[in-house]
Protein chains: 2
Amino acid sequence: MPNYARQIDTVFHALGDPTRRAVVGRLSSGPAAVSELAKGFAMALPSFTQHLGVLEKCGLVRSEKSGRVRTYYLVPQPLKAAENWMVEQRKLWERRLDQLDNYLLSIKE
Amino acid sequence: MPNYARQIDTVFHALGDPTRRAVVGRLSSGPAAVSELAKGFAMALPSFTQHLGVLEKCGLVRSEKSGRVRTYYLVPQPLKAAENWMVEQRKLWERRLDQLDNYLLSIKE
DNA sequence: TGTATAGTTAGGTATATGCCTAACTATGCG
DNA sequence: CGCATAGTTAGGCATATACCTAACTATACA
(Lines give C-alpha, C1' and ligand atoms only; values in the text may rest on other atoms or scores of the structure.)
Protein backbone atom coordinates (compact mmCIF):
# COMPACT_ATOMS: atom_id res chain seq x y z
CA MET A 1 0.00 0.00 0.00
CA PRO A 2 1.41 3.39 -0.91
CA ASN A 3 2.21 5.88 1.84
CA TYR A 4 -0.47 8.42 1.05
CA ALA A 5 -3.01 5.62 1.33
CA ARG A 6 -1.70 4.69 4.75
CA GLN A 7 -2.09 8.31 5.77
CA ILE A 8 -5.70 8.27 4.61
CA ASP A 9 -6.26 5.12 6.67
CA THR A 10 -5.01 6.72 9.83
CA VAL A 11 -6.95 9.91 9.12
CA PHE A 12 -10.22 8.05 8.68
CA HIS A 13 -9.50 6.00 11.74
CA ALA A 14 -8.83 9.16 13.74
CA LEU A 15 -12.09 10.72 12.55
CA GLY A 16 -14.07 7.62 13.49
CA ASP A 17 -14.30 8.74 17.08
CA PRO A 18 -16.75 11.40 18.28
CA THR A 19 -14.30 12.99 20.70
CA ARG A 20 -11.67 13.40 18.03
CA ARG A 21 -14.14 14.67 15.44
CA ALA A 22 -15.31 17.24 17.93
CA VAL A 23 -11.73 18.33 18.55
CA VAL A 24 -11.16 18.76 14.83
CA GLY A 25 -14.39 20.74 14.67
CA ARG A 26 -13.20 22.97 17.45
CA LEU A 27 -9.78 23.48 15.88
CA SER A 28 -11.35 24.35 12.54
CA SER A 29 -12.21 27.69 14.04
CA GLY A 30 -8.78 28.30 15.54
CA PRO A 31 -5.96 26.95 17.73
CA ALA A 32 -6.56 26.03 21.36
CA ALA A 33 -4.72 24.75 24.41
CA VAL A 34 -5.17 21.25 25.82
CA SER A 35 -7.22 22.25 28.85
CA GLU A 36 -9.36 24.53 26.74
CA LEU A 37 -10.05 21.69 24.30
CA ALA A 38 -10.68 19.24 27.13
CA LYS A 39 -13.54 21.36 28.52
CA GLY A 40 -16.90 19.81 27.85
CA PHE A 41 -15.63 16.27 27.63
CA ALA A 42 -16.51 14.09 30.59
CA MET A 43 -13.21 12.28 30.47
CA ALA A 44 -10.01 12.17 32.52
CA LEU A 45 -7.28 14.36 31.08
CA PRO A 46 -4.90 11.51 30.23
CA SER A 47 -7.66 9.84 28.21
CA PHE A 48 -8.27 13.07 26.40
CA THR A 49 -4.64 13.74 25.61
CA GLN A 50 -4.44 10.25 24.18
CA HIS A 51 -7.01 11.35 21.61
CA LEU A 52 -4.91 14.41 20.85
CA GLY A 53 -1.99 12.05 20.35
CA VAL A 54 -3.94 10.05 17.79
CA LEU A 55 -4.85 13.22 15.92
CA GLU A 56 -1.27 14.43 15.95
CA LYS A 57 0.18 11.09 14.89
CA CYS A 58 -1.98 10.99 11.77
CA GLY A 59 -1.00 14.54 10.90
CA LEU A 60 -4.42 16.16 11.30
CA VAL A 61 -3.14 18.48 14.00
CA ARG A 62 0.15 19.77 15.34
CA SER A 63 1.04 21.28 18.65
CA GLU A 64 3.58 23.55 20.20
CA LYS A 65 4.39 23.99 23.81
CA SER A 66 5.14 27.39 25.22
CA GLY A 67 5.74 27.49 28.92
CA ARG A 68 3.45 24.90 30.40
CA VAL A 69 0.71 25.41 27.82
CA ARG A 70 0.53 23.20 24.75
CA THR A 71 -1.43 24.70 21.90
CA TYR A 72 -2.95 22.56 19.16
CA TYR A 73 -3.82 23.66 15.67
CA LEU A 74 -5.32 22.03 12.59
CA VAL A 75 -3.29 20.91 9.59
CA PRO A 76 -5.69 20.93 6.65
CA GLN A 77 -3.76 18.81 4.16
CA PRO A 78 -4.65 15.35 5.58
CA LEU A 79 -8.30 16.34 5.86
CA LYS A 80 -8.19 17.52 2.28
CA ALA A 81 -6.57 14.23 1.18
CA ALA A 82 -9.36 12.24 2.79
CA GLU A 83 -11.95 14.54 1.26
CA ASN A 84 -10.36 14.02 -2.14
CA TRP A 85 -10.61 10.28 -1.79
CA MET A 86 -14.33 10.62 -1.11
CA VAL A 87 -14.93 13.01 -3.96
CA GLU A 88 -13.12 10.58 -6.24
CA GLN A 89 -15.38 7.72 -5.19
CA ARG A 90 -18.44 9.84 -5.77
CA LYS A 91 -17.26 10.81 -9.23
CA LEU A 92 -16.83 7.16 -10.16
CA TRP A 93 -20.22 6.35 -8.78
CA GLU A 94 -21.90 9.21 -10.61
CA ARG A 95 -20.21 8.31 -13.88
CA ARG A 96 -21.47 4.79 -13.49
CA LEU A 97 -25.00 6.02 -12.96
CA ASP A 98 -24.66 8.18 -16.07
CA GLN A 99 -23.59 5.13 -17.99
CA LEU A 100 -26.54 3.23 -16.62
CA ASP A 101 -28.87 6.07 -17.56
CA ASN A 102 -27.51 6.13 -21.07
CA TYR A 103 -27.87 2.41 -21.33
CA LEU A 104 -31.44 2.50 -20.11
CA LEU A 105 -32.22 5.32 -22.55
CA SER A 106 -30.62 3.44 -25.43
CA ILE A 107 -32.65 0.29 -24.95
CA LYS A 108 -35.81 2.35 -24.64
CA GLU A 109 -35.60 3.43 -28.26
CA MET B 1 -24.88 12.85 20.16
CA PRO B 2 -27.41 13.11 17.34
CA ASN B 3 -28.04 10.10 15.16
CA TYR B 4 -26.57 11.47 11.98
CA ALA B 5 -23.35 12.11 13.89
CA ARG B 6 -23.26 8.52 15.07
CA GLN B 7 -23.66 7.43 11.46
CA ILE B 8 -20.71 9.59 10.45
CA ASP B 9 -18.66 7.99 13.22
CA THR B 10 -19.32 4.50 11.98
CA VAL B 11 -18.72 5.55 8.38
CA PHE B 12 -15.31 7.04 9.20
CA HIS B 13 -14.49 4.02 11.28
CA ALA B 14 -15.42 1.73 8.41
CA LEU B 15 -13.26 3.70 5.99
CA GLY B 16 -10.27 3.55 8.32
CA ASP B 17 -9.32 0.13 7.06
CA PRO B 18 -7.54 -0.46 3.75
CA THR B 19 -9.52 -3.57 2.88
CA ARG B 20 -12.81 -1.81 3.38
CA ARG B 21 -11.72 1.31 1.53
CA ALA B 22 -10.65 -0.88 -1.37
CA VAL B 23 -14.05 -2.57 -1.36
CA VAL B 24 -15.80 0.79 -1.49
CA GLY B 25 -13.48 1.75 -4.33
CA ARG B 26 -14.42 -1.38 -6.19
CA LEU B 27 -18.14 -0.88 -5.61
CA SER B 28 -17.95 2.71 -6.81
CA SER B 29 -17.71 1.31 -10.30
CA GLY B 30 -20.56 -1.14 -9.89
CA PRO B 31 -22.08 -3.97 -7.84
CA ALA B 32 -20.22 -7.21 -7.26
CA ALA B 33 -20.62 -10.58 -5.58
CA VAL B 34 -18.77 -11.58 -2.42
CA SER B 35 -16.31 -13.94 -4.07
CA GLU B 36 -15.67 -11.44 -6.83
CA LEU B 37 -14.89 -8.76 -4.25
CA ALA B 38 -12.76 -11.13 -2.20
CA LYS B 39 -10.42 -11.77 -5.12
CA GLY B 40 -7.08 -10.06 -4.62
CA PHE B 41 -7.27 -10.03 -0.85
CA ALA B 42 -4.93 -12.46 0.88
CA MET B 43 -7.44 -13.18 3.57
CA ALA B 44 -9.73 -16.04 4.59
CA LEU B 45 -13.28 -15.60 3.36
CA PRO B 46 -14.85 -15.28 6.83
CA SER B 47 -12.45 -12.45 7.65
CA PHE B 48 -13.38 -10.75 4.44
CA THR B 49 -17.12 -11.08 4.92
CA GLN B 50 -16.67 -9.57 8.35
CA HIS B 51 -15.40 -6.43 6.61
CA LEU B 52 -18.44 -6.50 4.35
CA GLY B 53 -20.55 -6.74 7.48
CA VAL B 54 -18.94 -3.60 8.89
CA LEU B 55 -19.59 -1.74 5.64
CA GLU B 56 -23.19 -2.89 5.56
CA LYS B 57 -23.84 -2.09 9.22
CA CYS B 58 -22.76 1.52 8.78
CA GLY B 59 -24.95 1.86 5.69
CA LEU B 60 -22.19 2.38 3.12
CA VAL B 61 -23.26 -0.73 1.20
CA ARG B 62 -26.22 -3.01 0.92
CA SER B 63 -26.53 -6.53 -0.37
CA GLU B 64 -29.05 -8.87 -1.82
CA LYS B 65 -28.84 -12.58 -2.13
CA SER B 66 -30.13 -14.34 -5.18
CA GLY B 67 -29.66 -18.05 -5.19
CA ARG B 68 -26.36 -18.66 -3.48
CA VAL B 69 -24.78 -15.42 -4.70
CA ARG B 70 -24.85 -12.31 -2.55
CA THR B 71 -24.34 -9.11 -4.47
CA TYR B 72 -23.12 -5.93 -2.81
CA TYR B 73 -23.68 -2.41 -3.99
CA LEU B 74 -22.74 1.03 -2.79
CA VAL B 75 -25.13 3.39 -1.02
CA PRO B 76 -23.84 6.90 -1.69
CA GLN B 77 -25.69 8.84 1.01
CA PRO B 78 -23.45 7.96 3.99
CA LEU B 79 -20.33 8.68 1.96
CA LYS B 80 -21.85 11.99 0.97
CA ALA B 81 -22.67 12.77 4.61
CA ALA B 82 -19.07 12.15 5.65
CA GLU B 83 -17.85 14.24 2.73
CA ASN B 84 -20.15 17.06 3.80
CA TRP B 85 -18.73 17.00 7.30
CA MET B 86 -15.24 17.42 5.87
CA VAL B 87 -16.25 20.19 3.50
CA GLU B 88 -17.87 21.96 6.43
CA GLN B 89 -14.66 21.79 8.46
CA ARG B 90 -12.67 23.10 5.54
CA LYS B 91 -15.06 26.00 5.09
CA LEU B 92 -14.67 26.97 8.73
CA TRP B 93 -10.94 26.70 8.46
CA GLU B 94 -10.82 28.77 5.29
CA ARG B 95 -13.08 31.42 6.74
CA ARG B 96 -10.79 31.62 9.74
CA LEU B 97 -7.80 32.12 7.48
CA ASP B 98 -9.70 34.82 5.63
CA GLN B 99 -10.36 36.54 8.92
CA LEU B 100 -6.72 36.25 9.76
CA ASP B 101 -5.73 37.66 6.38
CA ASN B 102 -8.09 40.59 6.84
CA TYR B 103 -6.73 41.20 10.27
CA LEU B 104 -3.15 41.11 9.08
CA LEU B 105 -4.04 43.46 6.21
CA SER B 106 -5.83 45.84 8.55
CA ILE B 107 -2.92 46.20 10.93
CA LYS B 108 -0.60 46.76 7.99
CA GLU B 109 -2.31 50.00 7.09
C1' DT C 1 10.21 29.58 48.48
C1' DG C 2 5.83 27.66 48.42
C1' DT C 3 1.68 26.65 46.05
C1' DA C 4 -1.31 26.36 42.15
C1' DT C 5 -1.69 25.18 37.37
C1' DA C 6 -0.83 22.60 32.79
C1' DG C 7 0.28 18.76 31.16
C1' DT C 8 2.83 14.00 31.18
C1' DT C 9 4.01 9.28 32.50
C1' DA C 10 3.07 4.72 34.29
C1' DG C 11 0.30 1.09 34.70
C1' DG C 12 -4.05 -1.28 34.72
C1' DT C 13 -8.80 -3.05 32.89
C1' DA C 14 -12.62 -4.18 29.74
C1' DT C 15 -14.03 -4.43 25.23
C1' DA C 16 -13.41 -4.28 20.23
C1' DT C 17 -10.93 -5.53 16.14
C1' DG C 18 -8.81 -8.29 12.66
C1' DC C 19 -7.43 -12.27 11.70
C1' DC C 20 -7.59 -17.54 11.66
C1' DT C 21 -9.49 -22.75 11.07
C1' DA C 22 -13.11 -26.08 11.00
C1' DA C 23 -17.44 -27.23 10.09
C1' DC C 24 -21.76 -26.07 8.43
C1' DT C 25 -26.00 -24.74 5.07
C1' DA C 26 -27.91 -23.74 0.74
C1' DT C 27 -27.94 -23.65 -4.16
C1' DG C 28 -26.68 -25.15 -8.93
C1' DC C 29 -25.96 -28.64 -12.03
C1' DG C 30 -24.44 -33.07 -14.61
C1' DC D 1 -28.54 -38.31 -6.48
C1' DG D 2 -23.87 -36.62 -5.88
C1' DC D 3 -20.58 -33.28 -6.10
C1' DA D 4 -18.98 -28.52 -6.62
C1' DT D 5 -19.70 -23.79 -5.48
C1' DA D 6 -21.08 -19.56 -2.57
C1' DG D 7 -21.42 -18.10 1.48
C1' DT D 8 -22.34 -18.58 6.77
C1' DT D 9 -21.62 -19.87 11.61
C1' DA D 10 -18.88 -20.98 15.64
C1' DG D 11 -15.14 -20.44 18.29
C1' DG D 12 -10.53 -18.98 19.31
C1' DC D 13 -6.36 -15.90 19.57
C1' DA D 14 -3.34 -11.67 19.59
C1' DT D 15 -3.31 -6.98 19.51
C1' DA D 16 -5.37 -2.39 19.73
C1' DT D 17 -8.52 0.85 21.73
C1' DA D 18 -10.70 3.65 25.10
C1' DC D 19 -11.04 4.48 29.27
C1' DC D 20 -9.39 4.86 34.33
C1' DT D 21 -6.36 6.35 38.81
C1' DA D 22 -2.15 7.70 40.95
C1' DA D 23 1.87 9.92 40.81
C1' DC D 24 4.95 12.72 38.47
C1' DT D 25 7.43 17.11 36.06
C1' DA D 26 7.61 21.73 34.67
C1' DT D 27 6.17 26.41 34.73
C1' DA D 28 3.96 30.54 36.76
C1' DC D 29 3.46 33.56 40.15
C1' DA D 30 2.62 35.58 45.00
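Proteins get letters first, then strands, A, B, ... in listed order; numbering begins at 1 in each.
Taking a heavy-atom distance under 4.0 Å as the criterion, the stretch of DNA chain C touched by chain B extends 5' to 3' from dT17(C) to dG28(C).
In this structure the side chain of V54(B) never reaches within 4.5 angstrom of the side chain of D17(B), judged on heavy atoms. Looking at heavy atoms from C-beta onward, L15(B) lies out of side-chain contact with L15(A) at the 4.5 angstrom threshold. Residues H51(B) and F41(B) form no side-chain contact, since every pair of their non-hydrogen atoms from C-beta on lies 4.5 Å or further apart.
Spacing between atom CG of L45(B) and atom P of dA10(D) amounts to 16 Å, rounded to whole angstrom units. Look at NZ on K65(A): it is 7 Å from C1' on dA26(D), rounded to the nearest Å. Here the P atom of nucleotide dT15(D) and the CG atom of D17(B) are 18 Å apart, to the nearest Å. Distance R70(A) CZ to dA26(D) C1': 12 Å, rounded to the nearest Å.
Using a 4.0 Å cut-off, some side-chain N or O of H13(A) falls inside it from OP1 or OP2 of dT17(D).
Salt bridge annotation for E94(A)-K91(A): absent, with no cationic side-chain nitrogen under 4.0 angstrom from a carboxylate oxygen.
Each of T71(B) and S47(A) has a nearest nucleotide on DNA chain D; the 5'-most of these lies closest to T71(B). Nearer the 5' end of DNA chain D, as judged by each residue's closest nucleotide, is the contact made by V34(B), out of V34(B) and R20(A).
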Report the C-alpha distance between V34(A) and Y72(A) in whole Å, list the side-chain angles of each, state the deciding distance to 0.1 Å, and finish with yes or no for side-chain contact (heavy atoms from CB on, under 4.5 Å). CA-CA 7 Å; V34(A) 172; Y72(A) 277 88; 3.6 Å; yes

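A pairwise comparison of heavy atoms in R96(A) and S28(B) identifies NE-O, 3.6 Å as the closest pair.
If you check every strand for non-hydrogen atoms under 4.0 Å, S35(B) touches sugar and phosphate atoms only.
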